[in-house]
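Excluded from the calculations below are hydrogen atoms, water molecules and symmetry mates; all remaining heavy atoms, backbone and side chain alike, are included. Chain naming here is simple, since letters A, B, ... match the order of the sequence lines and numbering starts at 1 in each.
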Amino acid sequence: MPSAAVAYRACDPGFKTTGRNRDAMCRDPFAEALAEKLSARLGIGLETIRGAMERPPKPEMGDYAFPCFMAAKALRAPPQKIAASLAAEFPAMGLSDMFERAVATGPYLNFFVNKGRFAASIVNGILDAGERYGSSDVGAGKTVIVEYSSPNIAKPFHVGHLGTTLIGASLSRILASLGYNVVRINHLGDWGVQCGFQLLGWRRWGSEEALRRGGIQYLCDLYVRVCRESEKDPAMEAEARAMFKRLEEGDAELLAVWRRFTEVTMNELEGSYRRLGVEFDLVRGESYYHKPGLEMIAELKRKGLAEESEGAVVVKLDDERLPPCILLKSDEATIYATRDLAAAVDRAKTFGFHKCLYVVDVRQSLHFRQVFAVLKKMGFPWAAGLIHVSFGLMRIQEGDQVLAMSTRGGQMVPLKEFLDRMAAVVRCIVEEKNPELGEHEKATVAEAVGVGAIIFQWLSKRRNSDSVFDRHKATDTRGDSGPYLQYTHARACSILRKFRASAERSDAVVTATAESSPLTGSAPAGGSSPGPACSSRAAAPGAVPPGVPLRADPSLLSHPTELKVAMRLRDFPAAVLSAAEQYEPCVISSYMLELASEFSGFLDACRVLSQDESLTRSRAALVAAVATVLRKGLYLLGIPAPEKM
RNA sequence: GCCCCGAUAGCUCAAUGGAUAGAGUACCGGCCUCCGGAGCCGGUGAUCCAGGUUCGAAUCCUGGUCGGGGUACCA
């Protein structure tokens, strides 16, 4: 019998599919066997049956379900009757080694698997696949660009930047695990009129000495001061705009200051990204696309698409029922649309992308619709692969008020401050729960769990809903949270450590020969740019005894909680795929909570380490499979998975 | 005005047109002779309104209500 991991073949993301659980249900050997029999019996295509297979809402109803609505149409009989007659025929269908029975529940035909065989099949499949479980090669040969984070220069990295940064980083990992060649781009906001404001502030009040002392916050303060004063004094705003214009014209003195701003910003960003575990393949400012943008405008004019209007150069988009896309302002300075157009063309040329994702907040949706429309008008076939992955706004709770986050208004929390506070909160908990850890270990764990709490919070809801940042709630580590997942993983690791220790003492397990863990074995197909499936940071190896052929015995894992866990483990590849299709990391977050909670239920109901040697081995195999999937899921979200906490 | 997004339990969030709408938190009650209690088990509690499509709607369509965002030279 093929293992679940080997038999699983995912569909291409974006491939239109219908039916609940379609992939989860259609690619493991149990579902496959059912689909084949039902297809032959009903004369309905195999693919159709696969797409219709479901998982019953409650375990006591069954393990697989076939809704008979489609068969009702084909056979012109009520679905209830079809379900009943199929249930009666089931014992003769020759599936008794895999399934205990089938029962009709209304229009549904529900199947009960042979618990032990099913659980062992899934668990052993995962142990064979290791960290590649849930990965696939559907994206092989296709390049996907993910643009995310993209903060403006000369401002501190703050919690408002977390949405794009964490969603983008997670989507990158998810897509890479499906075999896509992912190019992660940080499109720095280093150009535009805000640079004029910053330069003006510097020219009026700035000093290198103060910059050395105050760092990026000093630059930000200057910027805020200019903004405040130019609200009262329109002449000042005009001066700032003129300064950006001069920057575009290549003023050497301004360029030197601007470069200094970029340098300071990069230093600041590096620390933030390192703490969050976020990486990029290409960090390139908008400024890079200033000149190509001007060339774009010339080309658009040649093609007759760009025209002058109210003193600006625009592309009219009336046929798309969109406002015109402005390319050149009436002062002849460029605008972000110009640079985005040039960047897209450059990326198409350089990478030949299948898709290009822009992880940018929802306020820019009109902007992207305009830019995409212009590129379509220009006749680029790849324009169809441009996707704005938008996300909702985050406001901040200040006392009784809910305010928009803004640098200028001062309603923002610098990331550094937030991460430090989070780590301090966790540190207290570690101190209480695990005082025997060493000093260094405590600090490492506090950081990992603090960061995990933050990342999970951002990735556990659908992107497009707005949210409120509450300083107190944000630091809660109980309940459905990143720390809960990390804790569950650490428990699993702890049990496996004890299992390994006692196994070595009793010589019951073949002594390890291979030093390589499943984690470092082989990278997933096409995962070249981000490296192996799991980096050492977000997923530490070593939970499974290296080289030990840990197996689950088909006759031993028959407790209801064991079946529940196995079912959930089986669903993992479908969850990864669904997250990619929807560009929604929260699909994986939700999955992980289910898995962790069901696994905790199992630990409560069943003792893993016992006198019964073979039962212990089978249960340890289950624990190892869960640990593998938890680690992989945490990795895909970008959350560290410490083995102790 | 027009366009986009959202509305599910007191609060924060899930739910692929499918069966009795699922968690956490808060509140009430249980569980440590405990492999990690940052946990487990139970209880209370919800689909904004009105139509429509469908065998079947939180989900799709139409019209409202409320909230957020955008709407020509910011990003």
Under the ring pair (Phe, Tyr, Trp, His ring centres under 6.0 Å) test, which residues partner A:His559, sequence neighbours left out? none
Under 3.5 Å, which protein N or O atoms sit close to an N or O of nucleotides 27-29 of chain B? Give each pair with its distance.
none

For A:Trp258, what residues pass the ring pair (Phe, Tyr, Trp, His ring centres under 6.0 Å) criterion, not counting sequence neighbours? A:Trp191
Please tabulate, for side-chain N and O atoms in residues 599-607 of chain A, each donor-acceptor pair with protein atoms closer than 3.5 Å (sequence neighbours left out).
residue	atom	partner	partner atom	Å
A:Ser600	OG	A:Tyr484	OH	3.4
A:Ser600	OG	A:Ala596	O	2.9
A:Arg607	NE	A:Leu609	O	3.0

Between A:Pro107 and A:Ser590, whichever has its closest RNA chain B nucleotide further toward 5' is A:Ser590
What nucleic acid atoms does A:Pro324 come within less than 4.0 Å of, heavy atoms only: base, sugar-phosphate, or nothing? base
Gap between atoms OH and C1', on A:Tyr484 and B:G36 respectively (whole Å): 13 Å
What is the distance, rounded to the nearest whole Å, between atom CG of A:Leu603 and atom P of B:C31? 21 Å
Using atom C1' in both nucleotides, what's the gap between B:C27 and B:G67 to the nearest angstrom? 29 Å
Mind telling me if B:C35 is syn or anti? Syn here is a glycosidic angle within 90° of 0. anti
Just checking A:Thr488: base, sugar-phosphate only, or nothing, at a heavy-atom cut-off of under 4.0 Å? nothing
Identify all side-chain donor-acceptor contacts of residues 446-456 of chain A below 3.5 Å with residues at least two apart in sequence or on another chain.
residue	atom	partner	partner atom	Å
A:Glu447	OE1	A:Arg275	NH2	3.0
A:Glu447	OE2	A:Arg275	NE	2.9

Going by the rule salt bridge (Lys or Arg N to Asp or Glu O under 4.0 Å), which residues pair with A:Lys644 if we only count those two or more places apart in sequence or in a different chain? none
Name the pairs: protein N/O against N/O of nucleotides 41-47 of chain B, kept only if under 3.5 Å.
none

Both atom distances under 3.5 Å, Watson-Crick or G-U wobble: I'd like the secondary structure of RNA chain B as a dot-bracket string, with | for pairs made across strands. (((((((..((((....[...)))).(((((.......)))))....(((((..]....))))))))))))....
Atom pairs, N/O to N/O, protein against nucleotides 52-61 of chain B, distance under 3.5 Å?
none

Which atom pairs link the protein and nucleotides 20-24 of chain B when you take only N or O atoms and keep those under 3.5 Å?
residue	atom	partner	partner atom	Å
B:A23	O2'	A:Asp480	OD1	3.4
B:A23	O2'	A:Asp480	OD2	2.6
B:G24	O4'	A:Asp480	OD2	3.2
B:G24	O2'	A:Asp480	N	3.3

In B/S/- notation, 5' to 3', how is nucleotides 2-11 of chain B contacted by protein heavy atoms closer than 4.0 Å? -S-S-----S
Going by number, which of residues 310-319 of chain A have a non-hydrogen atom under 4.0 Å from RNA chain B? A:Glu310, A:Ala312, A:Val314
Using atom C1' of each nucleotide, how far apart are B:U54 and B:C61 to the nearest Å? 12 Å
